[in-house]
Amino acid sequence: MIGKDKYSTNLVTTNWLSNKIMAWNDEENTRQMPWKGEKEPYFIWLSEIILQQTRVEQGLLYYHRFIYYFPNVRKLAAADEKKLMKLWEGLGYYSRCRNLHKAAKIIVADYHGVFPKSYENILKLPGVGPYTAAAISSFAYNEPYAVVDGNVVRVLSRFFGSYKSINNTDGKRWFGEVAQRLLPKKKAGVYNQAIMDLGAVICKPRKPQCEICPLHNKCVAFLLGKQQEFPVKNKRIRKKQRWFSFLILIRDGKVLIQKRVDNDIWKGLYQFPVYETSSFVPTSQLNRRISKDGLQIKLGKVAFSASQELTHQTIHGRFYVLLVTQSFKGIEGEWLTPRAAAKRAFPKMPAIFLNNLGCVNGKFDGSFSKK
DNA sequence: AAGACGGGGTG
DNA sequence: CACCCAGTCTT
């Protein structure tokens with residue numbers, strides 16, 4: 001069976017697998033989450049967006065925060081974008097937050113504030129892809145759409161011993177079709193939840209608990225002892241290295257910040273004016289570039305260095321602090337007091353710097369000391 | 001079809 | 001350090 005393109009996910013196997021999963025769910029699945037059994041599509045939607053590529057434990061606090069501040073879609077649509085971003089700060093993948101806001105406005109404008117009912121319309125919302133649309137449709141309305149997330153492809157790839165890659169078009173189509181065929185149509189919501197729970201609790205990426213897995217009698221990977229070979233994912237890309245030199249400009253106790261607007265990392269968040277270079281260059285070289293930009297400032301010592309590991313890149317950061325005079329101008333941005341700056345959302349590294357930037361009587365004084 | 005997009009946890 | 005996480009969007 002292994003290595004071939006065609007698998008007999010015949011009806012017998014289909015019923016066997018879903019029956020086993022449903023029985024396990026009824027008798028042994030103790031996994032609890034606040035949104036489990038939730039029928040209100042708005043809450044389901046929030047939880048699903050927050051949980052995209054995010055561990056349940058990490059998203060939990062944010063979920064509670066969002067339902068507290070935005071108990072319904074109209075509140076969310078009416079939210080101030082800066083406040084929204086601040087609430088999302090630290091969670092990553094910030095396009096999720098921007099799209100959440102966009103979608104909320106669409107629901108208010110096009111659907112009178114009532115969450116759309118059909119899979120097709122749900123799928124049209126920005127930030128909602130096949131997984132999220134299936135999750136909302138099945139959880140809220142018990143519509144027969146199979147969810148295919150990281151848990152599901154792990155369970156299925158191991159069970160069928162499928163070497164189909166989970167990150168190319170062919171593999172995605174294969175897992176999608178198999179998942180859909182396995183779905184008990186009349187119990188879509190409960191089953192979808194259950195197979196994901198199984199993947200999260202039993203069929204884990206490392207150290208799967210095969211001994212207590214309800215599927216082990218027919219699981220190809222388990223029977224062959226090859227659990228670690230699944231799922232197959234092809235070529236991960238090399239990590240990019242980037243070097244950012246941040247300029248912390250203090251004028252009359254206020255710091256200059258800018259919004260990141262390009263289609264790049266941290267879009268929508270705030271930062272300090274930054275020079276990106278292909279490696280860390282001597283301060284003198286940076287000063288020449290600054291001078292070429294027509295700015296009347298000269299950098300001194302680096303106040304703070306840090307790096308941050310992201311999934312696809314490593315950011316090396318340096319922070320320079322400069323006290324400038326009242327007349328300083330030449331860089332676009334907003335001058336903010338410590339209090340105002342704290343209300344904006346920053347990426348992790350600049351946020352750490354900002355949180356340790358000294359201030360006296362509600363004004364930045366240009367000092368820095370890492371607490 | 002292939003990259004880009006965050007941050008945290010795990011082995 | 002590499003991989004993974006209730007994926008989606010852009011190029």
Side-chain angles (χ1 to χ4, degrees), chain A residues 31 33-36 38 44-63 85 88-100 102-103 122-139 145-155 165-173 175-176 179 189 192-201 203-208 228 230-240 242 260 262-269 271 307-315 345-352:
Chain A
R31 196 173 193 216
M33 290 168 296
W35 46 82
K36 206 163 174 178
E38 177 64 60
I44 297 170
W45 171 55
L46 272 182
S47 70
E48 294 302 339
I49 300 297
I50 288 172
L51 266 46
Q52 286 168 6
Q53 292 291 284
T54 304
R55 288 164 192 280
V56 168
E57 310 81 67
Q58 192 190 357
L60 212 48
L61 162 74
Y62 290 85
Y63 176 71
M85 273 308 204
W88 198 273
E89 185 183 43
L91 194 55
Y93 282 169
Y94 296 92
S95 67
R96 291 183 292 172
C97 185
R98 300 193 306 271
N99 284 331
L100 201 65
K102 267 193 215 165
I122 295 170
L123 186 60
K124 280 184 203 154
L125 297 170
V128 174
Y131 163 77
T132 305
I136 298 172
S137 305
S138 66
F139 296 160
Y145 293 89
V147 292
V148 183
D149 74 331
N151 293 306
V152 172
V153 294
R154 192 168 53 253
V155 171
S165 172
I166 63 168
N167 59 348
N168 64 27
T169 307
D170 178 56
K172 281 179 192 166
R173 186 175 44 71
F175 283 105
N192 274 340
Q193 183 71 248
I195 189 171
M196 288 193 285
D197 285 346
L198 186 80
V201 176
C203 196
K204 300 183 292 183
R206 318 287 173 87
K207 297 194 176 183
Q228 290 315 312
F230 304 98
V232 172
K233 197 180 267 191
N234 51 11
K235 69 166 184 303
R236 40 195 89 266
I237 46 157
R238 189 151 213 75
K239 256 197 187 179
K240 205 167 42 164
R242 300 177 73 178
R260 292 183 68 92
D262 294 343
N263 275 333
D264 188 9
I265 185 177
W266 302 326
K267 182 179 179 183
L269 272 65
Q271 65 169 15
S307 26
Q308 182 180 2
E309 295 292 339
L310 307 179
T311 304
H312 301 303
Q313 48 189 301
T314 304
I315 310 287
F346 284 79
K348 190 188 164 196
M349 185 168 33
I352 291 173

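Just so it is clear, the structure is predicted and the values come from calculations on it, not from any experiment. Scope of the values below: all heavy atoms of this structure, side chains included, with no hydrogens, waters or symmetry mates. Residue numbers start from 1 in every chain, and the chains themselves are labelled A, B, ... in the order their sequence lines are given, proteins ahead of strands.
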Donor-acceptor contact below 3.5 Å, side chain Tyr93(A) vs main chain Ile50(A):
no
Check Lys239(A) against Thr314(A) and note the closest heavy-atom contact, atom names and distance.
CD-OG1, 3.7 Å
Among dG7(C), dA6(C), dC9(C), find the nucleotide with the atom closest to the side chain of Arg31(A).
dA6(C)
Locate the shortest heavy-atom distance separating Gln52(A) from Arg96(A); write the atom from each residue and the value.
O-NH1, 2.9 Å
Could you check whether Asp149(A) and Asn151(A), counting side-chain N and O atoms only, form a donor-acceptor pair closer than 3.5 Å?
yes
Please check the phosphate of dG7(C) (OP1 and OP2 only) for any side-chain N or O of Gln53(A) closer than 4.0 Å.
yes
Between dT8(C) atom P and Leu123(A) atom CG, what is the distance in whole Å?
9 Å
Say you pick atom C1' in dG8(B) and the same atom in dC9(C); how far apart are they, in whole Å?
23 Å
Picking from dA6(C), dT10(C), dC4(C), the nucleotide nearest the side-chain atoms of Lys233(A) would be dC4(C)
Using a 4.0 Å heavy-atom cut-off across all strands, classify Asp264(A) as base, sugar-phosphate, or nothing.
sugar-phosphate
Select base, sugar-phosphate, or nothing to describe what Thr132(A) touches, counting heavy atoms under 4.0 Å on all strands.
sugar-phosphate
For residues Ala146(A) and Ala134(A), report the shortest heavy-atom separation together with the two atoms involved.
O-CB, 3.5 Å
Between Arg242(A) and Thr169(A), name the one whose nearest nucleotide on DNA chain B is closer to the 5' end.
Thr169(A)
Need two values: the first and the last nucleotide of DNA chain B, 5' to 3', having an atom under 4.0 Å from any heavy-atom of chain A.
dA1(B) to dG11(B)
Would you mind classifying the nucleic acid contact of Gln193(A) as base, sugar-phosphate or nothing, using non-hydrogen atoms under 4.0 angstrom?
base
To the nearest 0.5 angstrom, please state how far the CG atom of Asp197(A) sits from the CG atom of Asn192(A).
11.0 Å
Suppose you measure atom C1' in dC3(C) against the same atom in dG6(B); what distance do you get, rounded to whole Å?
15 Å
Residues Cys97(A) and Met85(A): closest non-hydrogen pair is SG-SD, 3.8 Å
Interatomic distance where CD1 belongs to Ile166(A) and P belongs to dC3(C) [whole Å]:
12 Å
Base, sugar-phosphate or nothing for Leu91(A)? Non-hydrogen atoms, less than 4.0 Å.
base
Could you check how far OH of Tyr131(A) sits from C1' of dG7(C), rounded to whole Å?
9 Å
Between Asn99(A) and Pro205(A), whichever has its closest DNA chain C nucleotide further toward 5' is Pro205(A)
Assign Gly90(A) to base, sugar-phosphate, or nothing according to its heavy-atom contacts below 4.0 angstrom with the strands shown.
sugar-phosphate
N/O donor-acceptor pair, side chain Arg55(A) with base dC4(C), under 3.5 angstrom
yes
Is a side-chain donor-acceptor pair under 3.5 Å present for Glu48(A) with Tyr131(A)?
yes
Specify the separation, in whole Å, of atom CZ of Arg206(A) and atom C1' of dC5(C).
12 Å
Roughly how many Å is it from CE in Met33(A) to P in dA6(C), rounded to a whole number?
9 Å
Please state how far atom CD in Glu48(A) lies from atom C1' in dC5(C), giving the value in whole angstrom units.
13 Å
Thr311(A) vs Gln53(A), side-chain contact (heavy atoms from CB on, under 4.5 Å): CA-CA, chis, key distance, verdict:
CA-CA 11 Å; Thr311(A) 304; Gln53(A) 292 291 284; over 6 Å; no
Expressed in whole Å, how much space separates the P atoms belonging to dA6(C) and dA4(B)?
24 Å
Applying a 4.0 Å non-hydrogen cut-off, can you work out what Asn263(A) is touching in the nucleic acid: base, sugar-phosphate, or nothing?
sugar-phosphate
Applying a 4.0 Å non-hydrogen cut-off, can you work out what Val152(A) is touching in the nucleic acid: base, sugar-phosphate, or nothing?
nothing
Nucleotide dC4(C), atom P - distance to OH of Tyr93(A) in whole Å
13 Å
Over how many whole Å does the gap from Leu60(A) atom CG to dC5(C) atom P extend?
19 Å
Please compare Lys207(A) and Gln313(A) by the position of their nearest nucleotide in DNA chain B and report the one closer to 5'.
Gln313(A)
Just checking Trp88(A): base, sugar-phosphate only, or nothing, at a heavy-atom cut-off of under 4.0 Å?
nothing
